[in-house]
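What's counted below: heavy atoms across the whole structure, side chains too, no hydrogens, waters or symmetry copies. Note that ligands are numbered from 1 as they come in the structure, with each ligand's atoms numbered from 1 the same way.
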Amino acid sequence: MSKGKVTWKSPSNIAIVKYWGKFGNQLPKNTSISFTLENAHSITTLTWTPASMENPVGVSFLFEGHQNLTFENRIQKFIAGIQETYFPFLKDYFLFFESSNSFPHSSGIASSASGMSAIALCLCSMEQVLTGNLSNEQEFFHKASVIARLGSGSASRSVFPIMALWGEHPDISGSSNEFAIPFSENIHPVFNTFHDDILIISHKEKSVSSTAGHHLMKGNPFAEARYQQANNRIKQITQILKQGEIDAFGLMAEAEALTLHALMMCSEPSYMLMEPASLIVIKKIQQFRKETKLPVYFTLDAGPNIHILYPGSEEKTINTWISQELTPHCAGGKIIRDKVGKGPIKI
Ligand code: PMV
């Protein structure tokens with residue numbers, strides 16, 4: 001038994017075909033696919049110490065240098081739930097996590113995806129150091145994806161570079177509800193260059209959490225049709241990605257974002273996470289695309305912020321337009337310039 005420390009930087013991701021609705025122990029009602037991001041990330045350090053009188057078995061969590069009891073309780077519960085099955089050695093250790101994000105949490109950017117994937121990666125590294133297991137890279141990231149999923153479904157996709165797919169699909173061999181699979185081998189290279197500029201429309205905490213949103217799908221009268229639609233869209237998008245059809249890709253990203261928010265609006269009770277500025281920006285993007293014929297599209301997560309998607313070849317023109325036309329609609333003029341990323345790194 002020895003003391004040790006590991007740090008992982010793990011990215012957020014943006015779903016193109018969205019996961020919305022779950023069952024059992026964090027299993028998705030439909031398949032989803034996402035871009036892994038580069039700049040929106042969490043950096044998490046895990047220090048483990050053999051339990052003693054002064055440091056009894058337990059978990060402590062510091063977020064951005066401060067104790068955050070909401071996060072700490074969530075992590076403690078998460079670890080208690082996975083310990084026996086996945087990391088039995090944890091019963092002899094005190095775990096100290098310190099984590100920070102490169103973006104505001106609970107504002108619709110998937111902070112749980114980067115945060116939970118970073119924690120999962122740290123735990124897998126701890127296992128590797130203490131037991132010698134998981135020395136095979138594929139095995140390592142596979143387990144990290146399973147563990148990340150148990151923390152937050154979308155986090156399962158953050159452990160792979162470029163693109164990842166999560167959820168069993170009859171047409172995709174190796175796909176599973178339990179873990180995500182890397183998808184970068186199956187896409188046209190133009191998608192490796194994609195940018196995702198995140199317009200921060202509001203920093204405020206979401207009024208309805210994703211957990212509550214997934215739960216509301218249980219009573220949503222359109223739920224079954226939605227799951228079917230998502231799985232059909234996965235079938236279409238795999239072809240679109242392979243062929244490099246940018247317009248079809250972008251239009252599907254937009255349709256998915258609007259479907260997600262429509263599902264929220266027709267939940268019982270109904271709720272809305274878009275803000276007036278979200279709609280203004282969406283209309284401006286569509287108008288700009290119509291006028292210029294440039295390949296620029298939007299998507300949204302479960303929040304008001306707008307992710308602008310476009311290929312790297314258009315960076316200059318689109319950046320200038322965003323700065324001039326869209327910055328005034330952002331809270332404090334804030335935009336996170338992001339792009340498709342290479343996946344997590346141990347630092
Ligand atoms: O992983 P969760 O429980 O935070 O759910 C995330 C759901 C969406 O971000 C809206 C869609 C997705 O697939 O990431």
So for ligand 1, is [X] a polar contact partner (N or O within less than 3.5 Å, distance only)?
X	value
N13	no
K18	no
W20	no

In terms of ring plane angle, is the pair [X] and [Y] parallel, tilted or perpendicular, where the classes change at 30° and 60°?
X	Y	result
F63	F61	parallel
F194	F249	perpendicular
F141	F160	tilted
W20	H214	tilted

(message) With a sphere of 6.0 Å drawn around CD of Q228, does it hold more than 12 non-hydrogen atoms of other residues, nucleotides or ligands?
(response) no

(message) Less than 4.0 Å is my threshold; does some heavy atom of K22 fall inside it relative to ligand 1?
(response) no

Proximal atoms of ligand 1 relative to [X] (non-hydrogen, under 4.0 Å):
X	result
S210	4 (O)
G153	1 (O)
H214	2 (P), 3 (O), 5 (O)
S112	4 (O)
S152	1 (O), 2 (P), 4 (O)
A15	12 (C), 13 (O), 14 (O)
R157	12 (C), 13 (O), 14 (O)

(request) Might you point out which heavy atoms bring Q26 and L150 nearest each other, and give the distance in Å? (result) NE2-O, 3.5 Å

(message) How close do P344 and V159 get, counting heavy atoms only, and between which atoms?
(response) CD-O, 3.4 Å

(message) Residue-level breakdown please: for S154 versus ligand 1, do any non-hydrogen atoms fall below 4.0 Å on the side chain, on the backbone, on both, or on neither?
(response) both

(request) List the steps and the verdict of side-chain contact (heavy atoms from CB on, under 4.5 Å) for F94 and V57. (result) CA-CA 5 Å; F94 171 73; V57 174; over 6 Å; no

